[in-house]
Amino acid sequence: MKRFLSPLIAMAAVGLLLVGCTTTAAPRGSAPVSGGTLVYATGDAEPTCLDPHVGGNYPQALVATQYLESLVSKNKAGDIIPWLATKWTESANGLSWDFTLRKNVKFTDGTPLNAEAVAANVAHLQDPATGSSTGYLALQKVTGVTVVNDLTARFTLSTPDSALLDSLSQPWLAIESAKALKRSQAVNCESPVGTGPFIVTKWVHQQSISLVRNDKYNSPPADAAHTGPAYLKAIQWRFLPDSASRYAALQSGTVDVIDNAQPDTLVAAKKTKDLVAIDAPRPGASNRIELNSSIAPFDDKRVREAFIRSADVNDAITSLFFGTAKRSYSALSSVEKLGISEPKLFTYDQKAAAKLLDEAGWTQRNSDGYRVKDGKVLELNFPVSTNQSIPAEQSLFEQLQATTKQAGFKVDLHPLDLSSWYGALGANQYNLVSAPYTKVGPDVLRILYDSDGTKPAPSGYFANHSQVKDPALDALLVRAGETSDQKERASLYKQAQDIILGGYYILPLYDQQNHYLLRSTVKGVRAMPTVSTPTMYDAWLSR
Amino acid sequence: MRRVTLVLAVAVIVFLVLAALAPDLLAPGNPLAIHPLQSFRGPSFAHPFGTDESGRDIYTRIVHGTGASLLIGLAATAIGVGLALVFGLLAGLGPRWLDFGTTRFLEVLFAFPGLLFALLFIVIYGPGVVTSTVAVGLATAPGYARIIRSQVLVVRRAPYLEAALVLGRGPAHRLFRHLLPNVAGSLFVLVTLGIGQSIVWASSLSYLGLGAVPPAAEWGAMLSAGRTYISSFWWMTFFPGLFIVLSAISTTVLGRGIQQRGRLS
């Protein structure tokens with residue numbers, strides 16, 4: 001006992017001393033300190049390629065934000081601001097855009113940022129061999145880029161695109177060194193080269209990515225807090241898929257920042273001074289369950305409505321999210337100004353659900369209580385990506401499984417890893433799916449609900465999981481994407497959302513949850529207003 | 001003292017068997033019934049083991065999950081011992097070349113760690129309760145087979161078997177009248193010891209998400225679900241874990257008890 005006690009007393013004494021210091025010393029946290037290594041632990045899936053042109057998912061965006069930069073960015077108010085491009089002009093007919101590039105910017109391999117590099121990047125994104133989905137879909141209206149002069153690049157379009165600047169602000173359309181892009185894809189995936197504040201030096205698969213400071217960095221976005229190189233000397237980007245271990249590592253100080261924080265840990269973190277939370281809902285689509293309308297039984301609108309009416313989402317959110325998530329009734333994220341919300345369409349009503357199923361001919365029930373029609377059970381296949389849904393969300397699906405059972409639905413949940421999940425979607429063997437889709441601006445509706453979205457991109461991915469094929473909706477989305485008249489654009493997007501919500505193609509849940517937790521010794525971290533990825537450019541350590 | 005632990009172990013096993021055969025007797029509730037607004041409640045009179053993230057009663061889920069967990073343990077052991085019996089008898093009774101071949105084959109299987117072998121099997125045949133049971137059974141077979149072989153070798157040279165041979169008894173008679181009954185004693189102990197081990201393995205596979213599918217009430221799966229909340233709600237992992245440990249310990253204690261009684265007599 002004595003042996004145990006004395007170090008304890010010593011520790012307490014040191015603790016008291018430290019407390020004394022912090023209360024008497026000058027307030028820390030004012031002047032940023034240079035140096036140090038920040039350890040970031042991500043719960044998102046490990047990317048298969050560090051070049052976000054290839055495929056293009058959120059895990060890639062998270063890490064790429066540290067070493068790649070885009071032509072434009074967004075400020076907190078949601079307005080487009082200069083980044084690698086200092087200004088841009090749209091031609092009168094909307095079919096060409098001239099971007100003037102920032103002077104004296106170099107990629108970390110020494111090559112200069114110029115119009116040729118921009119052209120090479122757009123060509124890379126549009127080359128089917130690259131296997132891009134996010135960037136490819138965002139550039140569908142761009143026919144090519146021509147070099148006007150060294151620092152002016154001209155984008156030519158097939159039809160006017162009101163979402164072009166929004167699209168270009170995303171990390172999936174970041175500008176990489178043209179020289180580096182000429183290397184094989186395997187090499188470029190391991191060590192992409194950009195103009196960003198950090199440089200990828202090493203990627204130990206299944207473990208971590210090492211990044212060091214770019215000492216020649218000179219191109220921060222217009223809303224950054226400082227200029228010149230980053231404060232941090234290096235970043236260690238670790239993969240820690242288990243949420244409980246991730247939080248434990250943060251608590252112990254082994255890591256400085258974590259993403260995908262669990263709701264219960266957010267509540268616990270609020271009670272301590274050691275941890276700080278950043279809530280940064282993702283733009284684009286809300287988090288929703290998509291109902292595959294292309295195959296039975298959801299080819300019948302009544303069955304779709306019955307499912308949605310019998311799913312008790314509100315109680316599930318209350319039980320699982322501890323007030324950290326707010327119910328959404330919209331196809332779009334709450335950060336999207338043009339999103340509309342229709343709570344009335346989604347009220348929980350078992351009686352209405354039962355009536356709808358009776359009308360649709362699902363009148364019999366089997367011994368387990370599931371509805372039956374012509375000898376077939378009302379069974380729904382629901383592949384769940386365990387990499388993209390936090391455990392609380394998976395529990396939410398279990399609760400919806402239980403409440404929709406009362407109406408007679410048999411929901412089969414299949415927890416899958418990311419690649420098996422993509423496989424299940426590609427084979428069209430699903431009735432329900434929850435897929436995040438992040439894109440800046442309401443143009444995400446075109447990607448998710450246009451008939452063309454049922455055709456796979458070069459990567460094999462298709463984004464229209466509810467498989468809506470409605471010519472009227474297509475026409476609205478095309479017109480909304482072409483007009484630059486803000487009033488007309490808002491009205492067109494409202495009509496489009498009315499069709500999507502009223503057709504019961506989706507069950508909105510909440511904004512795409514994006515909570516970061518950091519130790520209070522980490523200062524200056526902010527989420528980019530574009531797609532809410534964290535940037536470590538302004539970050540510094542006060543320890 | 002040894003008596004007390006044995007009695008306790010038997011008591012636990014009786015409880016588990018009762019829970020497996022008639023779960024409604026011990027916990028009349030529905031293990032899948034959700035009450036979202038009563039989620040994450042700590043242990044209380046209404047919920048002795050607390051509630052989980054969907055407001056399901058953990059005690060009810062554990063009792064109703066006993067059947068699945070025990071069945072997986074028993075079935076896996078049966079598969080393992082069944083296979084082992086075939087290999088062990090082949091090696092112990094067959095000609096020298098067959099013994100050599102079988103033993104080398106078992107040694108190759110031994111080179112794989114058991115759980116790795118089970119994982120390999122699941123990767124090929126897909127996750128699920130049946131595959132994980134078969135996988136655990138296959139993975140444990142080589143160990144049993146070696147013990148059975150050595151037992152057979154001992155019994156085979158026993159004087160009474162030589163006597164039977166001299167008396168002109170056929171191979172079937174010798175196998176079923178003399179060999180198997182004498183191997184059976186140690187086999188019974190092995191099986192009892194093995195059930196505990198198999199329960200732990202099957203729970204491990206469910207814990208890794210390779211066994212029972214949600215929302216099934218299976219101990220390993222419950223443990224895995226609770227792990228997420230371990231820093232906030234301890235009871236979600238503690239009670240399923242406790243039952244896995246208790247079942248493994250009590251079958252082991254029972255097995256040891258039988259072993260010792262066998263030695264004394």
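Every chain is numbered from 1 and lettered A, B, ... according to where its sequence line falls, protein lines coming before strand lines.
Between the side chain of B:Gln38 and the backbone N or O of A:Ser319, no donor-acceptor pair lies under 3.5 Å.
Atoms CD and OG, on A:Gln251 and B:Ser231 in that order, are 6.0 Å from each other to the nearest 0.5 Å.
Considering only heavy-atom pairs separated by less than 4.5 Å from chain B, the leading option among A:Phe322, A:Tyr247, A:Phe397 is A:Phe322. Of all the listed residues (A:Thr318, A:Thr265, A:Thr403, A:Leu320), the one sharing the greatest number of non-hydrogen pairs under 4.5 Å with chain B is A:Leu320. By number of non-hydrogen pairs under 4.5 angstrom with chain A, the leading residue of B:Ile34, B:Ile230, B:Thr228 is B:Thr228. Interface check for chain B: of the options A:Asp264, A:Ile317, A:Asp315, A:Asp242, the most heavy-atom pairs under 4.5 Å are formed by A:Asp264.
Summarising the geometry of B:Tyr229 relative to A:Pro391, their closest heavy-atom pair is OH-C, 4.5 Å, with the distance given to 0.1 Å. In this structure, A:Ala244 and B:Arg227 approach most closely via the heavy-atom pair CB-O, 3.3 Å. In plain terms, the two heavy atoms of B:Pro36 and A:Ala316 that are nearest each other are CB-N, 4.3 Å. Residues A:Gln399 and B:Glu53 come closest through the heavy atom pair NE2-O, 3.3 Å.
Within a 6.0 Å radius of CD in A:Gln364, other residues, nucleotides and ligands contribute 12 heavy atoms or fewer. Annotation: B:Phe110, atom CZ; neighbour count of heavy atoms from other residues, nucleotides and ligands within 6.0 Å is above 12.
Heavy-atom distances place no part of A:Ala248 under 4.5 Å from chain B, backbone and side chain included.
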